[in-house]
Amino acid sequence: MTTQTHEATPVPAVAATSAPEAPAAPRVVRPIPMTRLVGVELRKMFDTRAGFWMMASVGIVSVLATAAVIIWAPDEAITQNTFSTAIGMPLSVVLPIIAILSVTGEYSQRTGLTTYTLVPWRGRVMSAKVVSTLLVGVVAMFLALAVGALGNVVGSAITGLDATWDISLAQFGNIVLANVLGMLMGFMLGVLFRSSAGAIVGYFVYSLVLPVAFGTLAAFQEWFRDLQPWVDVNFAVTRLFDQTMTAEYWQQLGVSTLVWLWIPLAIGLRAILRAEVK
């Protein structure tokens, strides 16, 4: 008798079933707030050695100008207007250079690659630079006003005269506006040149050479005499310091700044937004 053996057929294991995993929630990337960008740009203006001393020079120049008025000015000239004028003239040179360095530092210090990698949209970076520049200018003018007021009190005490407060709120506002326009002019040159040396040279040509050239032309050419206030931005801005602004003066200021400030600034910003950073 033959015995048949049957091998057991292996039963395939049932694959373990598991519930499908829920999709991961998308990561939300929040843009860097403008307040933080402005804070970073303000810190940049102080961090470098050149930036620190340029900022310190605002206070140093204010104190030196105030001391010079107290020492050398006649007694009848010890007024708040005299101190404001004495402090405002050197600040009109220092503040635009601060604005220039705030832009050109990205290229001379080679921080542009890092800045524009962290914040790819360069328009936000430039906006933060403009805001920080204007903040520095306004704060510097209030500091100068405080130093001048202290000098007025000290000078009046030394001469034995009553303190003369002959500057109105409107006049102080015009002085602040004049210095803000000067800083924006420096900012514009920094945007156009993107080189500290080139922008600073350009600023001194704008502030020293062009006024002399336009003044000489107006003195010898009658046809240019009436045209000068419309094309000479220094002539129009200077009126903010020493004259009551009329409607025509404001129009001349608007036209001259449009030609020398706003159009070149727009051209420079367009170049920065499109140019390769090296």
Side-chain angles (χ1 to χ4, degrees), residues 45 53-102 132-156 163-189 200 203-212 214-215 229 232-246 249-250 252-253 256-257 260-261:
M45 298 173 77
W53 284 109
M54 287 302 298
M55 291 295 184
S57 66
V58 173
I60 295 172
V61 165
S62 300
V63 173
L64 291 178
T66 300
V69 171
I70 293 175
I71 295 173
W72 287 296
D75 293 349
E76 61 274 10
I78 303 297
T79 65
Q80 181 64 35
N81 189 30
T82 302
F83 285 102
S84 298
T85 303
I87 296 173
M89 293 305 293
L91 285 186
S92 65
V93 176
V94 174
L95 292 178
I97 296 178
I98 293 176
I100 289 173
L101 296 179
S102 71
S132 61
T133 298
L134 296 181
L135 285 175
V136 168
V138 173
V139 171
M141 292 311 302
F142 276 97
L143 174 64
L145 178 66
V147 174
L150 180 61
N152 191 20
V153 173
V154 173
S156 300
T164 303
W165 309 98
D166 56 348
I167 182 170
S168 65
L169 183 61
Q171 289 174 321
F172 178 70
N174 287 344
I175 294 173
V176 172
L177 176 60
N179 281 279
V180 165
L181 289 174
M183 290 196 77
L184 287 175
M185 190 66 68
F187 187 87
M188 177 271 295
L189 291 170
I200 291 174
Y203 174 71
F204 282 113
V205 169
Y206 148 80
S207 60
L208 299 178
V209 177
L210 285 181
V212 175
F214 284 141
D232 187 352
V233 66
N234 285 282
F235 186 86
V237 171
T238 303
R239 284 174 166 167
L240 291 169
F241 288 101
D242 54 11
Q243 292 193 26
T244 301
M245 296 294 289
T246 64
Y249 291 166
W250 285 113
Q252 293 168 351
L253 180 64
S256 59
T257 53
W260 288 97
L261 173 59

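Owing to the predicted nature of the structure, the values given are computational and were not obtained by experimental measurement. Numbers here are sequence positions counted from 1.
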Problem set entry | Asp232: partners by side chain to side chain donor-acceptor pair (under 3.5 Å), with sequence neighbours left out | Gln228
Exercise. Who are the ring pair (Phe, Tyr, Trp, His ring centres under 6.0 Å) partners of Phe142, not counting sequence neighbours?
Worked result: Phe172
Exercise. Which value, rounded to the nearest 0.5 Å, describes the distance between Leu253 atom CG and Trp250 atom CH2?
Worked result: 6.5 Å
Problem set entry | Gln171: partners by side chain to side chain contact (heavy atoms under 4.5 Å, CB included), with sequence neighbours left out | Ile167, Ser168
Exercise. Where is the tightest heavy-atom contact between Pro229 and Ala236, given as atom of each residue plus distance?
Worked result: O-CB, 4.1 Å
Indicate every side-chain donor-acceptor pair of residues 57-68 with a distance under 3.5 Å to a residue at least two apart or in another chain.
from: Ser57; atom 1: OG; to: Trp53; atom 2: O; distance (Å): 3.4
from: Ser57; atom 1: OG; to: Met54; atom 2: O; distance (Å): 2.4
from: Ser62; atom 1: OG; to: Val58; atom 2: O; distance (Å): 2.8
from: Thr66; atom 1: OG1; to: Ser62; atom 2: O; distance (Å): 2.8

Exercise. Hey, are the side chains of Leu95 and Met141 touching, using non-hydrogen atoms and a 4.5 Å cut-off?
Worked result: yes
For this session: Check each of Leu210, Val237, Leu181 against Trp260 using the side-chain contact (heavy atoms from CB on, under 4.5 Å) test, and report the only one that passes.
Result: Leu210
For this session: Check whether any side-chain heavy atom of Ile70 lies under 4.5 Å from a side-chain heavy atom of Phe83, and answer yes or no.
Result: yes
Problem set entry | Shortest non-hydrogen separation from Ala149 to Gln80 and the atoms involved | CA-OE1, 3.2 Å
For this session: Enter the distance from Met185:CE to Asn234:CG here, rounded to the nearest 0.5 Å.
Result: 7.5 Å
Exercise. With sequence neighbours left out, what residues match Ile100 under side chain to side chain contact (heavy atoms under 4.5 Å, CB included)?
Worked result: Thr104, Ala199, Ile200, Tyr203
Problem set entry | Interatomic spacing from CD1 in Ile175 to CZ in Phe241 - rounded to 0.5 Å | 6.5 Å
Seminar exercise, completed: OH (Tyr249) and CG (Leu240) are apart, to the nearest 0.5 Å, by 12.0 Å
Exercise. Going from CE on Met45 to CG on Leu101, what distance comes out if it is rounded to the nearest 0.5 angstrom?
Worked result: 8.5 Å
Exercise. Hey, does Ile98 have a side-chain heavy atom less than 4.5 Å from the side chain of Met55?
Worked result: yes
Problem set entry | Ile71 atom CD1, over 12 foreign heavy atoms within 6.0 Å | yes
Problem set entry | Where Asp166 and Asn81 come nearest, the two heavy atoms and their spacing | OD1-N, 2.8 Å
Problem set entry | Reported CG-to-CG distance for the pair Leu184 and Asn179, which is rounded to 0.5 angstrom | 11.0 Å
Seminar exercise, completed: With sequence neighbours left out, the residues meeting side chain to side chain contact (heavy atoms under 4.5 Å, CB included) with Ala73 are Val69, Ala77, Ile78
For this session: Check for a donor-acceptor pair, side chain of Ser156 on one end and backbone N or O of Val153 on the other, with a separation under 3.5 Å.
Result: no
